[in-house]
Number of protein chains: 2
Amino acid sequence: MPTLAKFIEDRRARVEFEAIKLDKPIALTDVPTPALVIDLDIFETNLDRMQSFLSEKGLGLRCHTKMHKCPTIAHQQIARGAIGVCTAKVSEAEIMQAAGVQDILITSPLSTEDKIERLVSLAVTNDSLKIVVDSIKTATALNSAAAAAGCTVGILIDLDPGMGRTGIKPLDAALKLGRHIRDYCDALQFKGLQMYAGDCMHINNYEERRTTYANIMEKGRQTREMFEADGIPVPVFSGGGTGTYDIESELGILTEVQAGSYAFMDIEYRDIASRTGPIFEDFQPSLFVLVSVISQPQAQKITVDAGIKCLASDKSVPQFREIEGVVYNWAGDEHGIVQLNKPSREILLGDKLEIITPHCDPTVNLHDFFYTYRNGVLQEIWPISARGCSQ
Amino acid sequence: MPTLAKFIEDRRARVEFEAIKLDKPIALTDVPTPALVIDLDIFETNLDRMQSFLSEKGLGLRCHTKMHKCPTIAHQQIARGAIGVCTAKVSEAEIMQAAGVQDILITSPLSTEDKIERLVSLAVTNDSLKIVVDSIKTATALNSAAAAAGCTVGILIDLDPGMGRTGIKPLDAALKLGRHIRDYCDALQFKGLQMYAGDCMHINNYEERRTTYANIMEKGRQTREMFEADGIPVPVFSGGGTGTYDIESELGILTEVQAGSYAFMDIEYRDIASRTGPIFEDFQPSLFVLVSVISQPQAQKITVDAGIKCLASDKSVPQFREIEGVVYNWAGDEHGIVQLNKPSREILLGDKLEIITPHCDPTVNLHDFFYTYRNGVLQEIWPISARGCSQ
């Protein structure tokens, strides 16, 4: 019988990372539904576009893998020039590191002893690992654990942009924590700051988003200046996301952008305006849930085999790809009822259809594999190796 | 390189079923958070109470495993007297059958060839397997596939209670399908009817729930009488759930009740009134999400490490177990911000707290294991073997 630590380690060792190739080409519509599918041409265009945009502006791309949870995708992003990845949790970092990803930033603070131990275990063999801290208490605990293990841990101080979710207050409180780390935490290596204003990402108007975001981030700039005036260099300033990727270089505060959703896109991000128009089309939806029509109890309605267990339901309702005149309605854990108002194509029992996801991150977290395809033909199957890693 | 069918079969073969015991007793609070935990004393009382209630009334309990997705729990329910289980999807049935559960009813119709093949593969070695059908088209396809495989498949006709989700219209349309199965589908064995009025389960007033439900189910009774008058016996009538468990015997329509949530309960079910009071307390919450306090950026608020990736967000907000005067607010994929209005106990950074889930089914589907405990001490760990099986 295992210890708890051994049980957790054993289960992690069973996680698969490698892309799977099938013996022969098959049609996307042969995949059992509901299935999470990636249109590779669009996906790759999204990856290229974000990388080249940020590279041109001299900004680093630190891809947030909490969105895709897939080492195969992380490796593709790094191969295109991303400087590294983020994870939200230590268990995600364990998966990414085991799959060969080195430069990892954990963007959420830890507080409990067991998680600090797991973090230090990773840091022992990975000197590119970084984590945010937002309290003297946690910094002290982390420093002790790292010192005991004979390693150092890279640190960003997490600044609260006013959301009250995580982070220490900018300016004086942050500087006090910075000095504490400099003066008392020899096993912590201060790398810089993080300030993620998540509540700005979806402001549905570009100018308003830009102005609100700039005002909030100004305190980050001032905090950096206080650090530097105090003799604490700030080589890294991490934050931002898909919603602010084209604002960051104008502000000149961040050194790296934590974008994630741009690779897949979703309805939530489509609905924010872009710099040039009312729909955010800088990146195109590349992720879909393939569903089957399984029943038609009433005329003008048809039921698909996909409900809240395979489509995140925290945001708007799902929409169909390239079908107009129909409305998806949630119908419980396992089903959606589609109102056929004036469908732009005929929809029949047994048909397979693609749904654009309302919110990509939690939708991905419901599935075990990405089925990737090009021109309607299945290519590789990619394990979502860090699915369920909320720990 | 595998075929697609082999890939799916291989992954199913890797699923673990067995309960895991650790080497020595540890405290529940040593479990890494967020974690799905079961308070065994309450859980077992819930199982006993539902079984004894229905047994006394002469009704069968057919536990819906779409809720817990766990063969260990299914076996416990059957050991207490349940006549069998339901699954929502064929991939769940594959897991339950592989884990040794025999009497399985799939409560949602299939329409695609690949799923019909998978169903027939199960039926070849399990003559207790049953599935609902709601169209002549599907019945015909299923009959052909079963005949080709040399097996028979048990069938319930699914009646639409008016929700328009799945099911054929009661009365004439249903009888026509029944005659078609009798006359033309030698490889289908007609067992009876299913009518699941899911939208009645959460009517928040007992008398209203009872009256509405009775009116809807009356068409089910009439349909059964039409079948019997036509010489088609209806030995099984399946439906109902936790919200109507104590109404069924008075109506005398069902022969078996498809209850699931009673084992864990959730906020959604707590909020429907019971026969005797404004809160439904016939069964008590036994399932919780254990979370850690990880940050406190602002006074009067504190942040926990559990957001919509480990708590289903389709219904009400989470509540804390045995803590009054605090309010959980969703704070994205990974976090919740807890407003400390007038907390009935002190809450500090690093504390571990239990959350009552808003909606048990989709919350379970986010996790890989149940950590079971008694008196604060961890007992077995149960794999959620059918997690993610929406196919």
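A, B, ... follow the sequence lines: proteins, then strands. Residue 1 opens every chain. The structure presented is a predicted model; accordingly, all values stated were derived computationally and were not measured.
When A:R387, A:K89, A:K69 are each tested for a side-chain contact (heavy atoms from CB on, under 4.5 Å) with B:K309, only one passes: A:K69.
Heavy-atom distances place the side chain of A:K115, and not its backbone, under 4.5 Å from chain B. At a 4.5 Å heavy-atom cutoff, the contact between A:S390 and chain B is made by backbone and side-chain atoms alike. Interface remark: B:E16 contributes side-chain atoms only to the contact with chain A (heavy atom separation under 4.5 Å). Residue contact with chain B, scored on non-hydrogen atoms closer than 4.5 Å, involves the side chain of A:I26 exclusively. Only the side chain of A:D114 comes within less than 4.5 Å of a heavy atom of chain B; its backbone N, CA, C and O stay farther away. Within the 4.5 angstrom heavy-atom criterion, only side-chain atoms of B:S292, from C-beta onward, approach chain A. Proximity to chain B is limited to the side chain of A:D333, based on heavy atoms less than 4.5 angstrom apart.
Between B:L366 and A:N365, the shortest heavy-atom contact is CD2-ND2, 4.1 Å. Of all heavy-atom pairs spanning B:L349 and A:K137, the tightest one is O-NZ, 3.3 Å. For the residue pair A:G167 and B:P297, the shortest heavy atom distance occurs at O-CB, 3.3 Å.
Ranked by non-hydrogen atom pairs under 4.5 Å with chain B, the options A:G388, A:A312, A:S108, A:A141 are led by A:S108.
For the residue pair A:H335 and B:T166, no side-chain donor N or O sits within less than 3.5 Å of a side-chain acceptor on the partner.
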| task | Please lay out, stage by stage, how B:T107 and A:E334 fare under the test side chain to side chain contact (heavy atoms under 4.5 Å, CB included). | result | CA-CA 11 Å; B:T107 58; A:E334 321 285 353; over 6 Å; no
